[in-house]
Amino acid sequence: MLNSIYGIMPEQLSAFLSSEYPAYRSQQLLKWIYEKKVFDPSKMTDLPATMQSYLSQAFDFSMPQIVQTLKSMDGSQKFRLLLSDGEQIEMVLMPEEKKLTLCVSSQIGCARDCSFCATGKMKLHRNLYPHEIVQQFLLASRETTERITNLVFMGMGEPLDNLENVLSALKLIQDERALAFSPRRTTISTCGIVPGIYALADSGVKVKLAVSLNSARNSIRDKLMPVNRKYPLSVLKKALLYFQKKNPFRITLEYILISGVNMEDEDLKALRQFSGDLSCKINFIPFNTLPFLPYLSPGEEELKSFLLKARGALPQTITLRRSRGIDIQGACGQLVVESNKISLRGAV
Ligand code: SF4
């Protein structure tokens, strides 16, 4: 099987081509792929025909197929992609004022089984390869006339469970000769994989970190996110303090608001205690009721009163993020889960 061209670092490509072609040819090739988003060597018109056929025999240029596109009333677009082995993933483009955020997947399914998440119900099928992450960026760029301004690893999967491949993809995404995408506009979101947080901090790759916290009380977080039984809050906190020392960007704590679960005064008190000495901002996201999950969205009054108390109790910047694409199966993994007709009855 040929190696995918979209996982090859520019220096590897130059080294490979140097025996046959002058150095500027590899720059031309990179420009076709990463700037012009042309994925067929026969259409790279300033390359000699011999090089075009050499390239197609040396590398795999194929792309995942977009098998479904759903457009939300709020402008978000969700894409279901078919990979070469028949597996499927999702990516989402979310426009908002001057920003266009791309949300990518890092795994097919996920092993972490958070109780509020559609992807978790699929279990883990496999990790994505670096080229499959880069391909999501390339395909999404081709699907929009606007420039993608932000990249978030918040789609299917836990990125820190596939850290090596995520880092390889990020190196290509950030490389000046490839996609030249800004580290300060890239966010990895984790459920709290502590060894992965240390490894990411030490990797030298700069990105923003978001932690899906959802409760600062072990008794509640244990139920929402089984990962907490392995890496409880005190252990997670230590890792975040370490990350903060090594990385210039402020951490984001993501907190899904679930009615009757994590919105009491007690919860705010615990959140204040957890976040007190972290340089972070806190992002509240009202949960959206899903047919196959046992949780309820907060009502508008409940939400208002919680936010008022939160603003009084927490010194950090607080934001409220409404879920995007509610009308297009907006929850991460929902589209693939529903298109696969995976039985979720056992999950509730
Ligand atoms: S929320 Fe993230 S880590 Fe948890 S099951 Fe879903 S994809 Fe996995």
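Values reported hereafter were calculated over all heavy atoms of this structure, with side chains retained and with hydrogens, waters and symmetry mates removed. We count ligands from 1, going down the list as the structure has it; atoms in each ligand are counted the same way.
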Peer 1: Check the side chains of Asn3 and Tyr129 for a donor-acceptor pair under 3.5 angstrom, ignoring hydrogens and angles.
Peer 2: no
Peer 1: So, Asp161 versus Gln107: side-chain donor-acceptor pair below 3.5 Å or not?
Peer 2: no
Peer 1: Side chains of Glu158 and Thr190: do they bring a donor and an acceptor to under 3.5 Å?
Peer 2: yes
Peer 1: Under 4.0 Å, heavy-atom basis, I'd like to know which part of Val227 is in contact with ligand 1: side chain, backbone, both or neither.
Peer 2: neither
Peer 1: For Asn283 and Thr319, test the side chains for any donor-to-acceptor distance below 3.5 angstrom and give the result as yes or no.
Peer 2: yes
Peer 1: Heavy-atom contacts with Asp113 under 4.0 Å: which atoms of ligand 1 show up? List them by number with element.
Peer 2: 5 (S)
Peer 1: Which atoms of ligand 1 are found less than 4.0 Å from any heavy atom of Cys110?
Peer 2: 3 (S), 5 (S), 7 (S), 8 (Fe)
Peer 1: Relative to the heavy atoms of Arg112, which atoms of ligand 1 are at a distance of less than 4.0 Å?
Peer 2: 3 (S)
Peer 1: Considering Ser105, Gly120, Gly157, which one's heavy-atom position lies nearest to atom 2 (Fe) of ligand 1?
Peer 2: Gly157
Peer 1: Let me know which of Gln136, Glu132, Gln88 forms a side-chain contact (heavy atoms from CB on, under 4.5 Å) with Leu81.
Peer 2: Gln136
Peer 1: Please determine, by modelled atom types, if Ser275 and Gln316 share a side-chain donor-acceptor pair under 3.5 angstrom.
Peer 2: yes
Peer 1: At less than 2.8 Å, would any N/O/S atom of Cys117, backbone or side chain, sit next to atom 6 (Fe) of ligand 1?
Peer 2: yes
Peer 1: Under 4.0 Å, heavy atoms only, figure out whether ligand 1 is touched by the backbone of Cys191, its side chain, both or neither.
Peer 2: side chain
